[in-house]
Q: 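Here you go, one structure.
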Amino acid sequence: MSWKTKTGRWALGKHGWLALIGGISLFLWGLSGLTHIAMVLFGPQQAQFMPPRAPLDLQGTEPVTEILGKAGIAKAVAVKTVADDGKSLLQVTTDPAGQRRYFDPASAREMPGQDARQAEYLARYYLKEERPIASITLQTDFDADYGWVNRLLPVWKVRFAGDDRLTAYVHTETSSLAAVNNPTKDWLQSIFRALHSWEWVPPSMAWLKVVVAGAMVGSLAALALTGIAMLVTVRRRKRLPGAKGWHRMMGYVLALPLIMFSLSGIYHLVQGAIAPPAGQMRMAAPIDLSAGRFPIGAQWSALTRGLKVDSLSLVEGAGGRPLYRLGLARDDEMPKGEHDHGAQAAPAAKADHAGHGDHMGHAMPKTAMEIRTARFEGVQPTGPALYIDAETGAAAAQGDREIARMLAARYSGVGEDKIADIRLVTRFGPDYDFRNKRLPVWRVDYAAPVDATLFVDTATGALADRVEHWQMPERYAFSFIHKWNFLFPLGKIGMNAVVGGFTIALLIFMGAIGLQLYLRLRRSRR
């Protein structure tokens, strides 16, 4: 007996034995996986992509530290300007888990209760909704409707009046729409968590989840491999009639996708058990505001002449010195002749352009399709920045790159000399995906002893994410092999349509027809 005949018989026997558990597994994970595609394609979406903007003019205002000092704020985690319905406000974070505080720069007065009003304004802005608000509550923990994958806390849960129960989750610190739900999306999410990711399994039983789910998904990989063995060793001169013919013919097309889905799923499952997924976002340590005496309001016109300043924030520089960070508009939004960052009152101020051109050619999304795609691909909303010493008003020697190196050293616990590479990230990808929400960030790669990559936000001093190097291969495998992101030239909608099409084909030709053949064989044997 030839090796081909032996291999074919062996594969046929194993293929039939695996059919029942493999077919059930295919329907379980295939159908639940389609719910994720349905959420992306048909779930509620924001109508506005870019965060709101407002003119920033601090001419004649009191020094920021004096405004905060009168309110008894000596230290703050984050201090920055945000847009609120056509005007700029000063937003202060004293407790990362609590409500933000707001001040009107022009009057220097605090605005009690503004965080909830800010959340309502942002929800209406992003969704273009004018309906009354049914409820608005501050959420400080993840739950079934707002899972940990959204990363951002605390958020305001803003529910609009109406039978559709449209709900927006707003993160006021970043002025972002963290998530948007309705009953249909909640229902789809529940199916996905219950049947695809098995989030109902308690952490203490994680090992059992790996064993059971791994065996079921592994049966899919084994089915595909034994099927390929039969396709290679058992030749047919003409197509078999009926279900057998369809099953065999589609095996040539669908065996590889089945292997891709199953093996990458097992890899994701095992790594998730070794290192349970959790957000790595950390806010900066409180900044001492006592040294920030420079009257920036008195010098505002001279400092910003010829510049289009979008935002101002207070960050910590070398030696703990507070710095004013002036965020500038994108290059493609700068009026002609207004891109000389150093020709005015702060000639030595550094506006770090490293990677700033990465977003050029990516126009701001406006249509519903462009917004849906941009949520997953990311568009850098801001330009470079320059820094001014908040105590003296002198141009700071540091730029974004130097501040990013300093922040990374602080979060990693090792010196800046251990940094292997640093670059600006202006788009989402496998290493830093859309769940992190923040752009732009600086990517800082470390060799031993850290062996990790940190993503830091220089505008607020926050650690946006941290990925250990041993975790990187799984991120790429899951992104390109399980989610098929290698089809990115098709766009998010086209990619999901292709993946959904292959999944449906697997369910019909491999699952339904395969199970039919298996049950027919069982009946004939009886």
Q: Nearest heavy-atom pair of Leu490 and Met495: which atoms, and what distance?
A: CB-N, 4.0 Å
Q: What pair of heavy atoms forms the shortest contact from Ala409 to Tyr446, and how long is it?
A: N-OH, 3.3 Å
Q: Say whether, by atom type as modelled, one donor and one acceptor occur between the side chain of Glu120 and the main chain of Ile136 under 3.5 angstrom.
A: no
Q: Set out, in order, the CA-CA distance, both residues' side-chain angles and the distance that settles side-chain contact (heavy atoms from CB on, under 4.5 Å) for Leu153 and Thr140, then state yes or no.
A: CA-CA 6 Å; Leu153 280 178; Thr140 57; 5.7 Å; no
Q: Between Trp200 (side chain) and Ala194 (backbone), is there a donor-acceptor pair under 3.5 Å?
A: yes
Q: Under a plain distance cut-off of 3.5 Å, with no hydrogens placed, do Thr93 and Arg100 share a side-chain donor-acceptor pair?
A: yes
Q: Distance only, no hydrogens: is a donor on one side chain within 3.5 Å (strictly under) of an acceptor on the other, for Thr458 and Asp400?
A: yes
Q: Do the ring planes of Trp484 and Phe261 sit parallel (below 30°), tilted (30 to 60°) or perpendicular (above 60°)?
A: parallel
Q: Just by distance, no angles: are the side chains of Arg435 and Asn150 close enough, under 3.5 Å, to form a donor-acceptor pair?
A: no
Q: Strictly distance-based, threshold 3.5 Å: is any side-chain N or O of His469 a donor or acceptor partner for the main-chain N or O of Ala452?
A: yes
Q: Do the non-hydrogen side-chain atoms of Tyr411 and Val456 ever get within less than 4.5 Å of each other?
A: yes
Q: Looking at side-chain heavy atoms only, is the closest gap between Trp156 and Thr172 below 4.5 Å?
A: yes
Q: Is the shortest heavy-atom distance from the side chain of Tyr432 to the side chain of Arg427 under 4.5 Å?
A: no
Q: Do you know the tightest heavy-atom contact between Phe192 and Gly33?
A: CE1-CA, 4.4 Å
Q: Answer yes or no: are there more than 12 heavy-atom neighbours, outside Trp470 itself, under 6.0 Å from its atom CH2?
A: yes
Q: Any side-chain heavy atom of Arg124 within less than 4.5 Å of one from Val158?
A: no
Q: What verdict does the side-chain contact (heavy atoms from CB on, under 4.5 Å) test give for Lys483 and Val499, after you've listed the backbone C-alpha separation in whole Å, the side-chain angles of each residue and the deciding distance to 0.1 Å?
A: CA-CA 8 Å; Lys483 299 171 71 175; Val499 174; over 6 Å; no
Q: Are side-chain N/O atoms of Thr35 and His196 paired as donor and acceptor at under 3.5 Å?
A: no
Q: Ignoring hydrogens and angles, tell me if any N or O in the side chain of Lys80 forms a donor-acceptor pair with the backbone of Glu173 under 3.5 Å.
A: yes
Q: Under the 3.5 angstrom rule, does the side chain of Arg53 hit a backbone N or O of Ala83 as a donor-acceptor pair?
A: no
Q: Examine distances only and state if a side-chain atom of Gln271 and a backbone atom of His268 form a donor-acceptor pair shorter than 3.5 Å.
A: no
Q: Any donor-acceptor pair under 3.5 Å linking the side chain of Asp445 with the backbone of Ala420?
A: no
Q: State, yes or no, whether a side-chain contact exists between Leu269 and Val217 at a heavy-atom distance under 4.5 Å.
A: no
Q: Side chains of Pro430 and Asn485, heavy atoms from C-beta outward: is any pair under 4.5 Å?
A: no
Q: Does Tyr169 have its ring centroid less than 6.0 Å away from the ring centroid of Tyr146?
A: yes
Q: Salt bridge between Arg165 and Asp145, side-chain N to carboxylate O under 4.0 Å?
A: no
Q: Of the non-hydrogen atoms in Asp451 and Ala448, which two are nearest, and what is the gap between them?
A: OD1-N, 3.2 Å
Q: Counting only heavy atoms not in Asp163, do more than 12 sit closer than 6.0 Å to its CG atom?
A: no
Q: State whether Glu130 and Lys128 are salt-bridged, where the test is any N-O pair (Lys NZ or Arg NE/NH1/NH2 against Asp/Glu carboxylate O) under 4.0 Å.
A: no
Q: Would you say the ring centers of Phe480 and Phe486 fall short of 6.0 Å from each other?
A: no
Q: Begin with the C-alpha distance, continue with both residues' side-chain angles, and end with the deciding distance and a verdict on side-chain hydrogen bond (donor to acceptor under 3.5 Å, both in side chains) for Asp186 and Asn181.
A: CA-CA 7 Å; Asp186 290 339; Asn181 286 4; 3.0 Å; yes
Q: Compare all side-chain heavy atoms of Val212 with those of Trp198 and state whether any distance is below 4.5 angstrom.
A: yes
Q: Whether the side chain of Ser264 engages the backbone of Met260 through a donor-acceptor N/O pair (distance < 3.5 Å, no angle test) should be reported.
A: yes
Q: Check whether Lys185 reaches the backbone of Val40 with its side chain - one donor and one acceptor, N or O, closer than 3.5 Å.
A: no
Q: Under the criterion side-chain contact (heavy atoms from CB on, under 4.5 Å), I'd like the reasoning laid out for Asp465 against Val467: C-alpha separation, chi angles, the key distance, then a yes or no.
A: CA-CA 7 Å; Asp465 200 8; Val467 185; 4.0 Å; yes
Q: Taking the side chain as C-beta and beyond, is there a heavy-atom pair between Val444 and Thr453 under 4.5 Å?
A: no
Q: What's the verdict on side-chain contact (heavy atoms from CB on, under 4.5 Å) for Arg131 and Asp164, showing C-alpha distance, side-chain angles and the deciding distance?
A: CA-CA 12 Å; Arg131 285 181 280 172; Asp164 61 352; 2.8 Å; yes
Q: Would you name the heavy atoms of Met283 and Ala78 that are closest together and state the gap between them?
A: CE-CB, 4.2 Å
Q: So, applying salt bridge (charged side-chain N to carboxylate O under 4.0 Å, His left out) with Asp431, which one of Arg443, Arg466, Arg423 is it?
A: Arg443
Q: Does this structure show an ion pair linking Arg438 with Asp457, if we count only N-O contacts that are shorter than 4.0 Å?
A: yes
